[in-house]
Asks: 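Below is a structure I'd like to ask you about.
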Amino acid sequence: MAIQIYNTLTRKKEPFVPRDPGQVSIYVCGITPYDQSHLGHAVPSIIWDAIRRFLEFKGYKVRLIQNFTDIDDKIIARAQDTGEDVFEISQRYAEEYLGAMDALGVKRADLYPRVSQEIPAVIEMIEELVEKGNAYVVDGDVYFDITSFPEYGKLSGQQLEELEAGTRLAVDERKRHPMDFALWKSAKPGEPAWDSPWGKGRPGWHIECSAMSLKYLGNGFDFHGGGGDLVFPHHENEIAQSEAYTGEPPFARCWVHNGLLQVKDEKMSKSLGNFTPLTDLLAEYPAGVIRFYVLSSHYRSPLQYSEEKLEEARRGWERLMDTVENLKHLLTSMEKLGAPEGDGLSPDGVETPAIRQLAEAVESARTKFIAAMEDDFNTASAIAALFELARSVNTFQGQAADLTDGERRQSVPVLREAAAVFQQLGGDILGLIEAKSSSSAAQELTEALLDLLVEVRQRARDQKDWATADYIRDELGRLGVKLEDSPLGTRWKL
RNA sequence: GGCGGCAUAGCCAAGUGGUAAGGCCGAGGUCUGCAAAACCUCUAUCCCCAGUUCGAAUCUGGGUGCCGCCUCCA
C-alpha cells in the first residue's frame, strides 16, 4: 500500500510519489526566534518528526530542512526595546528552541538555515524576478507583482478581486496591487541591512523560504509543511515567487499543513499572550506525554490545549509505558526458563491458545499501525493499535502463570516480537517510548537495593508475615517506589 | 464581506456507503493475604433539515454553531 497524503493544494489525499526514488525532501517553516517558544511551535516539529521517522522506517532517505527567520520586524522591535543586539536575541531563542526540541526527542533537521546567512541567494532570486517582470522596484523597496502570476491564489483559493475588496489595512499607495508583497525592504536607520542592487535593505518575510528551500532541496521538492495559519499569505506568496522564478512548477509537490493549537478556542500565539513556554511545560511533563498528547489526534485537526488534556494524556501514556515495562519483566521471567525449542510462532499443534492469540495480536498491531501511518500519517489510529496490543500483552500476562514451562519457553519469541513492535513503532517512529538511558553506577546500585528489598519482602510474605511485607511496601511507597505483586513475582517502579 | 476547515458518547478522538476504533473518567465484576496493576462487562445511531441510495457518520443541497486565514504568527 502506498502512502497517501492530503495535499492542501489539491484538497485531497494523493498517493505519495517522491521526486527522487527512495528519497524524500522536506521543508518545514520554522520559527521567528524573538521570544520563548511555546507548545504551538512544538506541534509541527513533533508531527514532522513522526512523519520523517516513519518515512525512514519505510526505507526512504529523508532530507529535512527547517529555517529560522532571524531577521524580522519583531526581532528588530525587540532589540530596540531591550537595547540588545538583533542577532544575539535570535541566536538565544533559536538555541532555546533547539534545546526544547532535543528534550522532546525531536530528531534534528539536516540543516537549520538562517536568512541572515543567505542574503546572496535572496538577492539573486529577487534580481531574477525583477528581470522577468514579476517584481518592481519603488524607492529601494522591491515588490512582487501578483498580477504577473496568473495562478496566484491557487493554494488558498483566494480570488484577486476579493482580496482587494477585503484589504483591512491602509494600502501602501506605491504598490500596484494591494496584495503585492515586499521581497526586499529598504533599510531604516538602526536596522540590520545589507547592500543590494536597490540600496541597503533586508529581505521580506516570504522570500527567504523560497530562496533557502530551492537552494538546499532544489525545485520540486516533496513536502512543504507548516502551520495552517501560513497557508495565506505566506505559502501562497512562496508559490508565486518561486514558480515565477523557476518557470517550472511545482515548487513543492505536496503542501502539508497542521491544525493549530488552541487555548480556550483561540489560537495559542505569542501575540495573544496565551502561551505556556515550552521550557516550563517540559519541567512538568515527560517528553513522551507531550508527544502522546500531540500525536493522539490527527495532525490536520486543531488541538485544544489545557492542563486537563495533558493530564489525561499522561495517564494514557503511563498505561502504555507500564505495559512495556510489564512486558520486559515478563520476558525476563520467561527467558530464565532457557532458550525456546522451535520458534514458538508455528509449532504445529503444540502452541496454546494464549500464545497464539498473543502472536496474532502482535501481527495485527503491526499491520494496523503501519496502515494507519500510511493513510495520511494517522497517528491517532496508530496509537490505538498500540493500545490494542497493550491489552493483549496484559491479558497474556494474566494467563502466563498457568502455562507449563515448555509453553513459557515457547512464548519467548512471541514476547520478543511484542517488545520489538513497541520499540519499533511506539519508540522509533512515534518517539513515545524512551529507550532507557544508560544507567549510572548510582542508578545500578539503587536498582540492586530495590531488588534486594523486594526479595526480603518476598521472604516475609512466604512466611505470611504480612506486617513486615506491608511495612516495606508502605515505606517504599513513601519514597515514591510502587510495588506490584503478580504470580510471576513482584515488580517495582519509580 | 471573501477563502479554507471543523461539528462523532461526560471528556478527548479514529472512522475509506453496509448496522460506530482507541484513550481518559465513571459504574459493576474477576484476580489478589491486603493493596496496586491488570483483565471482563456496561455507557453514542454520529449538530439540524431535505435529498441520492436497497443501505450514509461517511455522498449532494440548505441551515446552525465553532475555528483558522484575509495584518505578524507554527
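Hydrogens, waters and symmetry mates play no part in the numbers below; they use all other heavy atoms, side chains included. Every chain is numbered from 1, with letters handed out A, B, ... down the list of sequences.
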Asks: Assess, by modelled atom type and distance only, whether the side chains of A:Tyr285 and A:Glu307 contain a donor and an acceptor separated by less than 3.5 Å.
Replies: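 A:Tyr285 vs A:Glu307: donor-acceptor pair found between side chains.
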Asks: Could you tell me the separation between the CZ atom of A:Arg461 and the P atom of B:rA35, rounded to a whole number of Å?
Replies: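 Taking atom P of B:rA35 as the reference, CZ of A:Arg461 is at 13 Å.
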Asks: Could you check A:Cys29 against A:Lys368 and say which one's nearest nucleotide on RNA chain B is further toward the 5' end?
Replies: A:Lys368
Asks: Can a side-chain donor-acceptor contact be found between A:Thr69 and A:Glu208 if the only test is distance below 3.5 angstrom?
Replies: yes
Asks: Step through the shown structure and confirm whether more than 12 heavy atoms of other residues, nucleotides or ligands are within 6.0 Å of CZ on A:Arg459.
Replies: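 12 or below, so no.
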Asks: Show your working on side chain to side chain contact (heavy atoms under 4.5 Å, CB included) between A:Trp492 and A:Leu476 and close with a plain yes or no.
Replies: CA-CA 9 Å; A:Trp492 57 261; A:Leu476 283 177; over 6 Å; no
Asks: Could you tell me the Watson-Crick or G-U partner of B:rA20, where both distances fall under 3.5 Å? Say none if there is no partner.
Replies: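 Per the H-bond distance test, none.
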Asks: So do A:Val256 and A:Tyr299 actually touch side chain to side chain, heavy atoms under 4.5 Å?
Replies: yes
Asks: Between B:rC48 and B:rA56, how far apart are the two C1' atoms, rounded to whole Å?
Replies: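 Approximately 16 Å lies between the C1' atom of B:rC48 and that of B:rA56.
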Asks: Roughly how many Å is it from CG in A:Leu320 to P in B:rA38, rounded to a whole number?
Replies: 11 Å
Asks: Can you check the A:Arg457 CZ to B:rG33 P distance for me, whole Å?
Replies: 12 Å
Asks: Does B:rA50 have a Watson-Crick or wobble partner in any strand here, with both distances under 3.5 angstrom, and which is it?
Replies: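 Pair assignment: B:rA50 / B:rU60.
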Asks: What is the nucleic acid contact for A:Leu483, judged by heavy atoms within less than 4.0 Å: base, sugar-phosphate only, or nothing?
Replies: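 Base: the residue A:Leu483, judged by heavy atoms under 4.0 Å, touches a nucleobase.
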Asks: Under 3.5 Å, is there a donor on one side chain and an acceptor on the other for A:Tyr27 and A:Glu238?
Replies: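 Side-chain D/A pair, A:Tyr27 to A:Glu238: absent.
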Asks: Which part of the nucleic acid does A:Gln158 contact within heavy-atom distance under 4.0 Å: base, sugar-phosphate only, or nothing?
Replies: base
Asks: So, A:Tyr97 versus A:Phe68, ring centres under 6.0 angstrom or not?
Replies: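 They qualify: ring centres under 6.0 Å apart.
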Asks: Roughly how far apart, to the nearest Å, are B:rG15 and B:rG22 at atom C1'?
Replies: 11 Å
Asks: Would you please test A:Glu14 and A:Arg253 for side chain to side chain contact (heavy atoms under 4.5 Å, CB included) and show each step?
Replies: CA-CA 11 Å; A:Glu14 297 171 347; A:Arg253 296 161 74 90; over 6 Å; no
Asks: Let me see the working for A:Asn237 and A:Phe144 under side chain to side chain contact (heavy atoms under 4.5 Å, CB included), right down to the final yes or no.
Replies: CA-CA 9 Å; A:Asn237 291 350; A:Phe144 186 85; over 6 Å; no
Asks: In whole Å, I'd like the distance from the CZ atom of A:Arg314 to the P atom of B:rC24.
Replies: 15 Å
Asks: Nearest to the A:Arg11 side chain among B:rG5, B:rA74, B:rG33, which nucleotide is it?
Replies: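 Nearest listed nucleotide: B:rG5.
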Asks: When every nucleotide of nucleotides 10-16 of chain B is labelled 5' to 3' by its protein contacts under 4.0 Å (heavy atoms), B for base, S for sugar-phosphate only, - for none, what sequence of letters results?
Replies: -BSSSS-
Asks: Heavy-atom distance under 4.5 Å between the side chains of A:Thr379 and A:Phe54, does that happen here?
Replies: no
Asks: Suppose you measure atom P in B:rA57 against the same atom in B:rG1; what distance do you get, rounded to whole Å?
Replies: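 Going atom to atom, P in each nucleotide, I get 32 Å.
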Asks: Tell which nucleotide pairs with B:rG26, taking only Watson-Crick or G-U wobble pairs whose two distances are both under 3.5 angstrom.
Replies: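 With both distances under 3.5 Å, B:rG26 matches B:rC42.
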Asks: Tell me: CH2 of A:Trp317 to C1' of B:rG23, nearest whole Å?
Replies: 15 Å
Asks: May I ask you to check whether A:Phe16 and A:Phe223 place their ring centers less than 6.0 Å from one another?
Replies: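 For A:Phe16 and A:Phe223, the ring centres are under 6.0 Å apart.
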Asks: Counting only heavy atoms not in A:Tyr471, do more than 12 fall under 6.0 Å of its OH?
Replies: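 Incorrect, the count does not exceed 12.
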Asks: When you compare the ring of A:Phe232 with the six-membered ring of B:rG4's base, are the centres less than 5.5 Å apart and the planes under 30° from each other?
Replies: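 Stack criterion not met.
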Asks: Once you round it to whole Å, what is the distance between P of B:rA74 and CG of A:Leu104?
Replies: 16 Å
Asks: Whom does B:rC69 pair with, Watson-Crick or G-U wobble, provided both distances fall under 3.5 Å?
Replies: B:rG2
Asks: Each nucleotide in nucleotides 39-44 of chain B should get exactly one letter: B, S or -. Can you fill that in based on protein heavy atoms under 4.0 Å?
Replies: SS----
Asks: Please report, rounded to the nearest Å, how far the P atom of B:rG23 is from the CG atom of A:Leu389.
Replies: 12 Å
Asks: Please measure how far the C1' atom in B:rA21 lies from the corresponding atom in B:rA9, and state the result in whole Å.
Replies: 14 Å
Asks: Using a heavy-atom cut-off of 4.0 Å across all strands, would you classify A:Glu388 as base, sugar-phosphate, or nothing?
Replies: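 Contact class for A:Glu388: sugar-phosphate only.
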Asks: From C-beta outward on A:Gln262, which listed nucleotide comes closest to its side chain: B:rG4, B:rC34, B:rC67?
Replies: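 The closest nucleotide is B:rC67.
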Asks: Nearest to the side chain of A:Asp229, which nucleotide is it out of B:rA35, B:rA74, B:rC72?
Replies: B:rA74
Asks: For B:rA36, does either OP1 or OP2 sit under 4.0 Å from a side-chain N or O belonging to A:Arg473?
Replies: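 A:Arg473 to B:rA36 OP1/OP2: no side-chain N or O under 4.0 Å.
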Asks: Need one value for A:Leu230: base, sugar-phosphate or nothing, where a base atom within 4.0 Å counts as base even if backbone is also close, heavy atoms only.
Replies: sugar-phosphate
Asks: How far does the P atom of B:rA74 sit from the matching atom of B:rC12, given to the nearest Å?
Replies: 27 Å
Asks: Any strand counts, and the cut-off is 3.5 Å on both contacts for Watson-Crick or G-U wobble. Which nucleotide pairs with B:rU32?
Replies: none
Asks: Look at the side chain of A:Asp485 and the base of B:rC34, then say whether one donor and one acceptor between them are separated by less than 3.5 Å.
Replies: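 Counting by modelled atom types and ignoring angles, a donor-acceptor contact under 3.5 Å is found here.
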Asks: If the P atom of B:rG4 is compared with that of B:rG17, how far apart are they to the nearest Å?
Replies: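 Here B:rG4 and B:rG17 have their P atoms 23 Å from each other.
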Asks: With rounding to the closest Å, how many angstrom separate the P atoms on B:rU60 and B:rG18?
Replies: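 Rounded to whole Å, the distance is 16 Å.
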Asks: Are A:Thr8 and A:His257 linked by a side-chain donor-acceptor pair shorter than 3.5 Å?
Replies: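 Their side chains do contain a donor-acceptor pair, which is all the 3.5 Å distance test asks for.
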Asks: Under 6.0 Å from the NZ atom of A:Lys493, do we count more than 12 heavy atoms belonging to anything else shown?
Replies: yes
Asks: Residues from residues 145-154 of chain A sitting under 4.0 Å of RNA chain B, heavy atoms only?
Replies: none
Asks: Are A:His206 and A:Phe181, when compared by the centres of their aromatic rings, separated by less than 6.0 Å?
Replies: yes
Asks: Just how far, in rounded Å, is P of B:rA36 from CG of A:Asp474?
Replies: 12 Å
Asks: Pick the nucleotide of RNA chain B nearest each of A:Asp470 and A:Leu39; which residue has the one closer to the 5' end?
Replies: A:Asp470
Asks: Could you measure between the two P atoms, the one in B:rC40 and the one in B:rU52, and give it in whole Å?
Replies: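 It comes out at 44 Å once rounded to the nearest Å.
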